> 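There's a structure below that I have some questions on.
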Amino acid sequence: MIKQNGRTIHLMGKEVSYVMVINNDGDLINFHMGKKIADRDYASMKEQWAEGCGMMSNTIALDVYPQEYPSYGLSDLRNPAYQIVNKFGHPNAKLTVRDIIIHENEVVKVKDMPSLYKGDCKADTLEVVLYDEAIEFEAHLYYTVFENYNVIARHAVLINKADEDIELSSAYSMSLDFPRADYDMVHFAGAWLRERDMIRTPLQLGAKVEACNARGASGHQINPFAMICSRDADENNGEVFGLSLVYSGNHSTVATVDQFGFLRVQQGINPLSFRWILKKDEEFCTPQSIICYSDKGFGKMSRDMHDVVRNNIMTSAFTHKERPILINNWEGTYFDFNEKKLLAIAKKAQKVGIELFVLDDGWFGQRNDDHRGLGDWFVNKKKLPSGIDGLAEKVNKLDMKFGLWFEPEMVNPDSDLYRAHPDWAVKIPERTPVEIRQQLVLDLTKPEVRDYIVKAVSDILSTANIEYVKWDMNRQITDMPCLGYNHKYTLGFYDIMHRIVTAFPNILFEGCSSGGGRYDLGVLAYMPQFWASDNSDAGCRFKIQYTTSMCYPIYSIGSHVTAVPNHQCGRTTRLKTRGDVAYMGAFGYELDITKCTDNEIEEIKAQVEFEKKVRSLMCEGDFYRLVNPYESNYCSWETVSKDKKKVFLFAGKSMAVAYDKNPKIKLQGLCPDKLYKNTATGEVYGGDLLMNRGIDVGFKGDDFATQVILFEEA
Ligand code: GLA
């Protein structure tokens, strides 16, 4: 709901308030974002924050005001929400409110980029029009609030009204000023095979914490999700502001604490390497930033975020459907396969109940290793004499679905595509482009390149019965030929995604970027799942999956059981451990099942059966993180069905210790009056007991022993 009360504008979500006031000068001031407050006229309240800063004369008054979209260089000298060189060549602007428009029961979509839509509940959008008359520059700020969620989604559209060009050198999606700074910032940093480590930094007077990436895609290194939280915040306590950018390119989340101890938080496109020229009447639209508020810790924020994303971001028809259990041949065969070998894997997999066979890299062109072939999207008949259609048919005859890997945004210099179109790769004409994994990036800003990709992929998808696609993107983007290029590339990527997923609505798409290098809400808008990491070691996955769940719905997390010793870190864990960890997510196998022993096959069969019982919980349930692997030797999480009748519990320990005290895991989110039966042992517990006393899950084994329990209402 959005209400305007004189000069007060109040957005109200389920338990959240976002209040702005317009001051006497027409500046848009943030009054409150946080727990819901009454709907009153707050514009007449004394602005104590300004009074407290007695040294400041009112000529630089905005330096002490909490603003909504601050400018730099006039009366505010802090980090601005945007920077321009105006029509006179000066690097400043001053935007004041010109109009307020309330779009009742409407979500204003972000142009050419994925953004929230009106899914499962009423949503209203506020549009504030700001204007700088002196330089003829306009900004439209959009705020969407959802009736059932504690979410405010923001984006901005900047328009040049002058005859002369205006140059934008930064344009954040949101800027939010807090009248205090006793918060921490949490961001998710990593690298290939070590995605999304949770890093918590106390915000300090005068300091700036920036979590940003300028590597072409949202990246392994820093995820475009961060949190601002009170110093005491943990899973169940404290205030948390989750900030998630619906964007797959270079991004930045920055928190600065000024001289008076006020906090400014901004999120949007990374200003590094950004520049955009606006001609008369041209506009620049930022991506959307979703701010999710919780007054009860990270857990509540995550559950709200998961629901918003599942119901208002993800567009795939598979979002709310149970996904097929897959087997992918990558770690099983790498490039060394032929039709016979693949069919042997598929056949054995089908026997244990696996439902989808996925053929990974190596099926096209001269792709016998990762030095050549990318871009040549026609089947390698030497390996697959009956083609992709023939192979799909044979897999289908086994009563399995068939899926295929692509990496359409890339090209190897050693490929027919590159030989025919060397100018299609991203490069600077005077330089030899940098190769990463022997490949170059195709220039998605060129319409002919996008058309080629759409056609090449569509031709394959429409000639064979392909029901799943793994869309990979395996390198960072170097050699960008101009400032602002990365945004243009990202728009090109969205254009391709939009065209392909709308043309093939019955295909399940899974994103991948050398593992989790482009795991963001922009991608999830098109593809409901993402390969979380090329690191498939169950022990490492304790942390990777735990932190990924902070923002992203757990069923979006691609997680596979792979062979041991693990190919990435060499560790040997039990098959049980690998399965138990992989249940949390879109479950599958990635090994040569023909090499498994009879005992392993029996165990896999049981895992597949168990997955079929629990996957609806992963798809639609409420997720609780119970024990944090960063803070203890243990790790535990739980999913509860919305009706609270079914509960999936996972617990794992890292290192074996003498006198292991087997911690009592306290469950959450159950109905205290219900009785819950452990479906494996038949033991019955009260919901109150499970939540308040907790239970001993009974780890069996040493390092990385795990346990899972499915409870059902007794
Ligand atoms: C990337 C992916 C892997 C696999 C390979 C194939 O590394 O993350 O899962 O698909 O590419 O080359």
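Whatever order the structure lists ligands and atoms in, that order sets their numbers, starting from 1. Note that the structure is a prediction, hence the values are computed from the model and not measured.
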> Any side-chain heavy atom of M550 sitting closer than 4.5 Å to one from R196?
no
> State whether the side chain of S556 and the backbone N or O of Q529 hold a donor-acceptor pair below 3.5 Å, judged by distance alone.
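Here the side-chain-to-backbone pair does not exist.
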> Counting distance only, does the side-chain N/O of N474 pair as donor-acceptor with the main-chain N or O of S514 below 3.5 Å?
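Checked: pair present.
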> Using the six-membered ring of F298, assess whether NZ or CZ of R625 lies under 6.0 Å from its centre and within 45 degrees of the ring axis.
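The answer is no, since R625 fails at least one limit relative to F298.
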> If you define the side chain from C-beta out and look only at heavy atoms, does anything of V186 sit under 4.5 Å from I199?
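Answer no - side chains too far apart.
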> Would you say K347 has more than 12 foreign heavy atoms packed within less than 6.0 Å of its NZ?
no
> Could you pull out every N or O of ligand 1 that sits under 3.5 Å from a protein N or O, with the distance for each pair?
unit_1, atom_1, unit_2, atom_2, d
ligand 1, 7 (O), D534, OD2, 3.0
ligand 1, 8 (O), G515, N, 3.0
ligand 1, 8 (O), D534, OD1, 2.6
ligand 1, 8 (O), D534, OD2, 3.1
ligand 1, 9 (O), K470, NZ, 2.8
ligand 1, 9 (O), D534, OD1, 3.4
ligand 1, 10 (O), D360, OD1, 2.7
ligand 1, 10 (O), D360, OD2, 3.3
ligand 1, 10 (O), W405, NE1, 3.0
ligand 1, 10 (O), K470, NZ, 3.0
ligand 1, 10 (O), D472, OD2, 3.3
ligand 1, 11 (O), D472, OD2, 3.1
ligand 1, 11 (O), N474, ND2, 3.0
ligand 1, 12 (O), D361, OD2, 2.6
ligand 1, 12 (O), R437, NH1, 3.0
ligand 1, 12 (O), R437, NH2, 2.9

